[in-house]
Amino acid sequence: MTSPISLTQGTGSSAVVDHCQVCGSEDLRSALFLGYMPPVNQMRTVGARPHEQPAYPAELLYCNNCELVQIGLVVDPAVLFPPDYPYTSGTTKILHENFAELHAESAEILGLGEGDLIVDIGSNDGTLLSKFQAGGFRVHGIEPTDAADLAVAAGIPTLKAFINAGSAAEVRAEVGPARVVTAANCFAHIEDIHAVVEAILSLMDDDGVFISESHYLIGLLDTVQYDTVYHEHLRYYSLVSIRHLLEMNGLEVIHAKRIPTHGGSIRVYAARKGTREVLPSVGEILEDERARGPMPDQLAEFHRRTAASKIGLLEMIAGIKADGHRIVGISAPSRASTLVTYTGIDEEMMDSVLEISGSRKIGKYLPGTLIPVVEEQVLFDEQPEYALMLAWHIGEELAPKLRAKGYRGKFIIPLPEPKII
Ligand SMILES: [Zn+2]
């Protein structure tokens with residue numbers, strides 16, 4: 001179906017969301033407001049004087065009709081993704097393992113055979129498709145950024161384009177219908193979602209399957225991941241809300257699974273209604289979601305825990321600074337900008353943020369602050385007493401590595417509740 005919904009209600013290039021991004025209902029309520037935020041990927045060069053910078057309200061809305069949790073302002077993509085957008089593949093060990101597991105699981109559940117075609121939307125540098133290609137499948141990617149060039153160089157056929165009716169038709173004409181279309185960590189980011197689903201359907205064989213992986217709302221609530229709220233993320237799916245979106249487009253959810261990527265995600269298989277058996281996993285996860293109680297109550301609790309985590313973290317920092325100790329930040333993912341902006345941590349509290357050598361963020365300030373991003377080596381050379389884990393969602397992978405490289409100080413884990421390890 002074609003979406004009747006236009007999101008261009010605001011002034012200028014950004015649009016205030018006054019009806020649900022998926023179902024169009026105007027019955028929206030505010031669930032969380034984190035204040036005004038600079039675009040997370042606009043970083044000024046260290047030494048530059050502060051100058052004018054946009055800031056956007058970071059608000060979460062809840063749709064009383066379809067239960068979708070969504071951002072309250074859609075920012076012009078030209079602002080969020082400038083030409084010098086700092087591309088990082090972000091291919092952590094968890095991500096690699098996840099894609100290998102996705103390949104194995106889907107091949108078994110769907111009975112895929114050698115030579116079947118897999119098309120990946122937002123295929124980035126081809127990491128996901130490389131797992132299928134190694135398994136003997138035909139693969140094709142669609143990716144708008146320069147990461148497409150890396151994929152092609154690595155032998156993964158990729159069309160450098162946004163996903164839409166035109167790019168879908170071009171790929172289908174070239175390689176035929178797909179047994180499986182995948183979309184990992186991009187299905188919640190694209191505006192005009194119904195047009196995207198329509199393009200995906202046009203890529204799929206009659207008995208084809210669409211597999212999406214998205215940040216999972218329930219995990220986000222349980223671990224107080226307010227720091228994943230920024231304007232690149234338009235929607236936060238539960239199985240209830242993503243199922244509603246898919247059903248609006250004639251798709252039926254046939255399998256779902258919680259996976260560990262990006263601090264907790266959900267993998268959802270969908271097929272044209274009635275073409276495939278629905279596995280018990282779907283009912284099980286829906287029942288788990290229902291058993292948690294009404295979503296508005298859960299969001300109120302999330303709101304309370306978010307505010308408490310901020311106060312707790314500031315109290316902890318106040319104590320450390322009173323003792324005359326240094327604090328640095330570990331890693332500058334996009335979510336670090338949300339955490340620092342919301343809590344108000346500045347250069348008096350945190351000297352610098354460390355990134356591994358070669359990061360394009362080194363030599364820049366964290367957005368909206370005068371906190372510089374510097375080389376990770378500072379951690380081992382200067383041994384600051386405390387290191388605030390801004391990439392806390394992969395803290396279990398990071399902390400032992402930093403210890404092994406010689407860091408002897410303490411780690412502050414900011415969420416779900418601030419603690420020192
Ligand atoms: Zn809705």
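Note that this is a predicted model, so its numbers are computed, not measured. Counting starts at 1 for both ligands and their atoms, in listed order.
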Subject >> Rounded distance (nearest 0.5 Å) linking atom CD of Glu348 with atom CD1 of Ile371 >> reply: 10.0 Å
Original post:
Any luck finding a side-chain donor-acceptor pair between Glu59 and Ser30 under 3.5 Å?
Top reply: yes
**OP:** For Glu287, look at atom CD and say whether over 12 heavy atoms of other residues, nucleotides or ligands are found less than 6.0 Å away.
**Re:** yes
**OP:** Apply salt bridge (Lys or Arg N to Asp or Glu O under 4.0 Å) to Glu301 and Arg292, showing your working.
**Re:** CA-CA 12 Å; Glu301 173 66 3; Arg292 296 170 57 90; over 6 Å; no
Original post:
Any side-chain donor paired with an acceptor under 3.5 Å for Thr275 and Asp207?
Top reply: no
Subject >> Non-hydrogen side-chain atoms of Asp227 and Trp392 separated by less than 4.5 Å >> reply: yes
Original post:
Closer than 2.8 Å to the Zn ion (ligand 1), which protein N, O or S atoms?
Top reply: Cys20 SG, Cys23 SG, Cys63 SG, Cys66 SG
